[in-house]
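Reviewing the structure listed below.
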Amino acid sequence: MSDPTVSVSKGVFVFKNGFKPGSTKSKNKNKQSSTKTYNSILENKLWYKSYSKLWNKIEKKIQALNEETFSSVLSNLVKFIKNSYETPVSEIPTATLLTGINMPDHTALFGSLTNEIEKHVSPHSAILHAEDCNNLKNMIENMIGQFVNVEKFSGDDSSDSDEKINTRIKKSQCTFSLLQGWYEASYPIESPKRTKKPPKKRKILVVVIPDFESFNDKILQDFVLIISSYLNVLPFALVFGVATSTSALHKSLPHHVSSRISVKVFQSQTSVVYLNNILENIFLTADCPFHLGGRIFSLFIDQFLFYDLSVKGFIRNVKYAMLEHYSYGNAMALCTDQKHLKSLLNEFTHDDFENVRHLISFRSLVENEQPDNRIKLLTNDDFLKDVLHQEITTFLEYLRTFHLFLKCLYVLVQDLPNNPLGKQFRELYRTSVNELITSTDEFRQSFRLLGFQSKDELLIKLTWIAHLIGSEGNDSVGIKKVIKTLNAFVKQIENFNLKMEESGDEENDDVVVVTKAKSRQELKEKLLKMTHESKPLNKYEKMRKELLTFLTQTFEKYLNTPKELPFHEIFIFNDISIRQHIEGIQMASLHEALVNPQAYLQCQCCTLPNNSSILKTMPDVCILYKLHLECGKLINLYDLLQSFLVIVEPENNEDCKAIKPELQARFTQAVAELEYLGFVKSSKRKADHVTRLTWSA
Amino acid sequence: MEGTSLKTPRRAKTEDAQEVYYPKTPYNIRARVKKKLIDFNSSVEELVDDSDKDSDYTISESESSSDQSTFDSTEESEEDNSDSEIKANNSVSSKSTEAAKHDDFKKMEKINLTKKRKIRMYIVNTDDYFSAQSSKKSVTSNNTLDKLKTAKLDQGQLQKLLLKANACKHHAKCFSELEQYNKTNFIKWLSLLHEGFNLLLYGLGSKKNILTIFQEQYLTEQPVVVVNGFFPSLTLKNVLDSILVDVLESSQNPGNHQEACDIITELMHQNEGMHLYVIFNNIDGNNLRSGKCQNVLARLGSINNLHIIATIDHINAPIIWDQSRTSKFNFVWWDVTTFEYYLIETCFEDSMLVQRSGTLALSSLNNVFMSLTKNAKSIYLIIVKYQLENKKSQHYEGLLFKDLYWACREAFLVSSDLALRAQLTEFVDHKMVKFKRSISGGEHLIIPLQNSLLQQFVDEQPV
């Protein structure tokens, strides 16, 4: 075989390709070489520049937001640990943090937890993951190693990295006596005077266990017992991250162990709140020019809600979508801020403009133009440049108002009964980016419900909206007008109280009409009539109606779908085909390839008359797969071979015992492949039989 | 849907009026759950129904495909095309001409290629499980393969025959087109790897070739480690060792996997400019399947400048990753169906139809045997013959050391117990013989080879 990675004696092959690790010299060289290969392909492209600029911005924002939210969530926990040794303790102070099942997000959470602890409580913290702690020895060595070696690290930060490793204490030397010695050396005890003035405040040793459930119970029990016996000399504190519920704690720690710890439970933020937070502050704002289209957005949300609840996964999906979006070509480089637009357009080459011309919405733009402008658009790059600049500026402006008024709408409808438009901001976004939200039934229903709202409720909402629009700092004429009208409405409603009494008489009239009825029959008729004829509106109601029509008009003006604007593809990504790269449809693809190979091969010979038919021309594995679908649990290989032969060579039906060796080889290989793919395995129940491992036909 | 949503408030009101104590919220919740259930049901129905592609997500595809294709000058014919595409995938000829038209726009062509593939949802029908399990004993005939005149083939023969048979000649063009299509993704793969994603390739057919091409074309400047997951005696330690010792040239090499991982992480962090690509042919291979292995691999995958490109073939392969592993791996899935034979992958499996030739074991035995002294050869032959004579007995324990000693003494092969032991040590070192202690305390000698092979070995010896 010419392939160097095929061998009967080796499974791993190394191609060093001239790489030499270690010295700083080679490091620089490597950097250069990597720039040679990768950069030349991507990093000089305009779209990639825009992409990485935007992504870095988003990443930074996410990090900042994470820090902020986590530290507020964790502040109680940190306070608890900080104060745990204020009074003498007999049990290990233990904080249990209920984290929720979105495991992938916890890395960030516990990362900032240790940061907080190191900042506010004690520089000594150790994180123990279940995979590092297969047995008690490993666990303890690991913990002590983290305590002892971290101190060394911070001591000689400036020295070379190689030395750092050498000065580390070996794992096998990490014992409790070492820890005790180290601790006493760091915090010498002056026993008699200690109460008067502690020379150096004894810092707490914090042990963080992020994935409590994945630990072996026995190891944990022993661990707790051991550290509790050192409690008088070493001030330990524990933090358990529990993904399910506190009962997990009780289940794995029996009484004699749990009596050694004093547990306090803390609740972390649910991941849905976390996601909303991230969405509302980062992705669904006008600052982020990249927008997810409705379908993609709901795909990601569904994946979050019904699959993993992981915000990290969501962000990852968005990142993938972004990469996919930008990689369309340089046209997408325009998905950026207003300030970079001009310089970007100046860098555009003819090909880039061509790239823009391939956008679908460009066609409708051309069609709406005058004939001579049409030709200019198609042929003149400079003309297109000006148009692009103008259109994209409009689009960015549109995006700003779109988000602004979407927020306003959210303020209005978020607490309506039954939440016709959804409870979350993201639901509003999804609807409005997908279709014209003002023409939906839910929108109309919401406004009908708004029509029942009392003065106080409306007033609060209105002032909030006015504040939102005002704080946006948008000074276009339209928006200013909106603010003006809104403020007028607010004032009108505020001053309404006095006029309330005037409307009192009308109601009295009604009562009079009802009481004048002579018979029961008449009363009934009158009442019926009254229900049918619409009550004359009082002044407040009239005003409310006016207000609502105004609001509807405003929303109709600003919340139209982005799809109608030219060049919306540059900002809104809606290619659902990336789904298969995010979720993977491995089973479906395998099944489809086996059942209907034409889907992949695009050949003319394998058109299936119906799903279960088997054709001679199909690849052998496919034939055999379809044959095996017809069988029960056990499959006789000899019979399978016969049916295979009937399909492959229908004309030859004389002697079925003498087979052409080629055919036998093909059959053999096909069976081996089915076995390899996990559809059959050899059975010991009967000679020359295989068992089916799947059961759906 | 409309009817119920309009009705809801009215009904709620009347109920409120009639029964004052009736709590309002539960009704809301009920109504919502009902609405959701109806939604869900309808969506499920859509998914189940294959011919009707009206589910939420597929609509978009057809829409966008028609949109994209209508962009070109040949509007009408293409619209027809995309329509027929949705209905059935049989308008191949017109499509190929269409592809030719699009030659200028590589992007477009790519889109078309992806659009052509309509992979139906694969919905596992749970009822099938019960019908498959409930049927009592599946009845099969008693035919065996012995009925065939031709014996089982051995691996070498099989490969030769397969090459000769070339069953899918008529598909050769399709195969190469598939390969070309897969190659168009290479740059995208590389950029994905550099953006912190790892690649997972799935689909029918061996993906080893395409990965080799990818490696040869794009991964020539940076170190690459290729792991054959299907290799039967692969261990995780092998993988870690190659990365640690061969690539990173680390002086430390701890036995503990997690510690090794720690060191790799640190060294990779130090060599910031480098990129290490690890290619796993079959990350779902037998020896990598265990949770512990995957944990370690996932940790490797989460290192910034270590990029994993992995393939899976087994139908249930994705089960080996739980949520935290998946998130660490950060895979982008890629359908790379090649229809290539799994020749290399399956040659290690002992398929029941392939005769295990054992040529490897036999030739190695021969090689060692040839280098032995005359006396040692005779000693070995005594053990072999004894084992062959007793091959019928069910509980063959091996030749007793004492018996061997006396047999050798009689043939003037050794003079002392110690000399015989010295000879045997050599056999044991080459794994030609195994010592076994029986319950009675006697030392037994066994040759760990199939008897048929031994017979062949004896037959080959000059008498």
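Naming: A, B, ... by sequence-line order, numbering from 1 per chain.
Ranked by heavy-atom pairs under 4.5 Å with chain A, the list B/Ile312, B/Val296, B/Asn330 is led by B/Asn330. Interface summary for chain B: among A/Tyr51, A/Trp55, A/Tyr307, the most heavy-atom pairs under 4.5 angstrom belong to A/Tyr51. Taking chain B as the reference chain and counting heavy-atom pairs below 4.5 Å, the highest number among A/Leu601, A/Val621, A/Leu590, A/Leu693 is found for A/Leu601. Contact count versus chain B (heavy atoms, under 4.5 Å) is highest, among A/Glu662, A/His581, A/His106, A/Lys312, for A/His581. Chosen from B/Leu276, B/Ile263, B/Val226, the residue pairing most often with chain A at heavy-atom distances under 4.5 Å is B/Val226.
Heavy atoms closer than 4.5 Å to chain B are found nowhere in A/Asn142, neither backbone nor side chain. Both the backbone and the side chain of B/Leu343 come within less than 4.5 Å of a heavy atom of chain A. Heavy-atom distances place both the backbone and the side chain of B/Ser141 under 4.5 Å from chain A. Contact of B/Lys208 with chain A is made through the side chain alone, with heavy-atom distances under 4.5 Å. Proximity to chain A involves both the backbone and the side chain of B/Tyr342, based on heavy atoms less than 4.5 angstrom apart. Using a 4.5 Å cut-off between heavy atoms, A/Ile101 touches chain B through its backbone atoms (N, CA, C, O) alone. Only the backbone of A/Ile582 comes within less than 4.5 Å of a heavy atom of chain B; no side-chain atom from C-beta onward does. When heavy atoms are compared at a cutoff of 4.5 Å, A/Asn636 approaches chain B by way of both its backbone and its side chain. Contact of B/Asp322 with chain A is not made at all, since no heavy-atom distance falls under 4.5 Å. For a residue to count as touching a neighbouring chain, one of its non-hydrogen atoms must lie under 4.5 Å from one of that chain's; by this rule B/Leu204 touches chain A with backbone and side chain alike.
To the nearest 0.5 Å, the span separating OH on B/Tyr202 from CD1 on A/Ile585 amounts to 4.5 Å. Within the model, atoms CZ of B/Phe231 and NZ of A/Lys10 stand 10.0 Å from one another, a figure rounded to the nearest 0.5 Å. In this structure, A/His129 NE2 and B/Asn295 CG are separated by 12.0 Å, a value rounded to the nearest 0.5 Å. To the nearest 0.5 Å, atom CD1 of residue B/Ile279 and atom CZ of residue A/Phe15 are 8.0 Å apart. Rounding to the nearest 0.5 angstrom, the gap separating the CG atom in A/Asp105 from the OG atom in B/Ser327 is 8.0 Å.
Salt bridge status for A/Glu131 with B/Lys292: absent, with no side-chain N to carboxylate O gap under 4.0 Å. With respect to the salt-bridge test (charged N to carboxylate O, under 4.0 angstrom), the residues B/Glu221 and A/Lys16 do not qualify.
Closest heavy-atom contact between A/Asp132 and B/Gln258: OD1-OE1, 3.4 Å. Residues B/Thr346 and A/Ala672 come closest through the heavy atom pair CG2-O, 3.8 Å. Between B/Phe339 and A/Cys622, the shortest heavy-atom distance links the atoms CE2-SG, 3.9 Å. Closest approach of B/His171 to A/Cys603, counting heavy atoms only: NE2-SG, 3.3 Å. Closest of all the heavy-atom pairs between A/Val12 and B/Val225 is CG1-CG1, 3.7 Å. The nearest pair of heavy atoms linking B/Val332 to A/Arg316 is N-NH1, 4.4 Å.
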Apply side-chain contact (heavy atoms from CB on, under 4.5 Å) to B/Val224 and A/Phe13, showing your working.
CA-CA 8 Å; B/Val224 180; A/Phe13 308 86; over 6 Å; no
Mind running side-chain contact (heavy atoms from CB on, under 4.5 Å) on A/Glu324 and B/Lys188 for me, showing each step along the way?
CA-CA 9 Å; A/Glu324 187 73 33; B/Lys188 192 159 231 175; 2.8 Å; yes
Should A/Gln580 and B/Trp333 be marked as a side-chain contact (heavy atoms from CB on, under 4.5 Å) after you check the CA-CA gap, both sets of side-chain angles, and the distance that decides it?
CA-CA 7 Å; A/Gln580 57 161 326; B/Trp333 298 66; over 6 Å; no
Would you please test A/Phe679 and B/Ile315 for side-chain contact (heavy atoms from CB on, under 4.5 Å) and show each step?
CA-CA 7 Å; A/Phe679 289 107; B/Ile315 180 86; 3.7 Å; yes
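Proximity of B/Glu195 to A/Tyr320: side-chain heavy atoms (C-beta onward) are nowhere separated by under 4.5 Å. For the pair A/Asn138/B/Asn256, a side-chain contact is recorded, criterion being any heavy-atom separation below 4.5 Å from C-beta on. Under the 4.5 Å side-chain criterion, counting only non-hydrogen atoms from C-beta, B/Pro223 is not in contact with A/Val14.
Using modelled atom types and a 3.5 Å distance limit, the side chains of A/Tyr600 and B/Glu177 yield no donor-acceptor pair.
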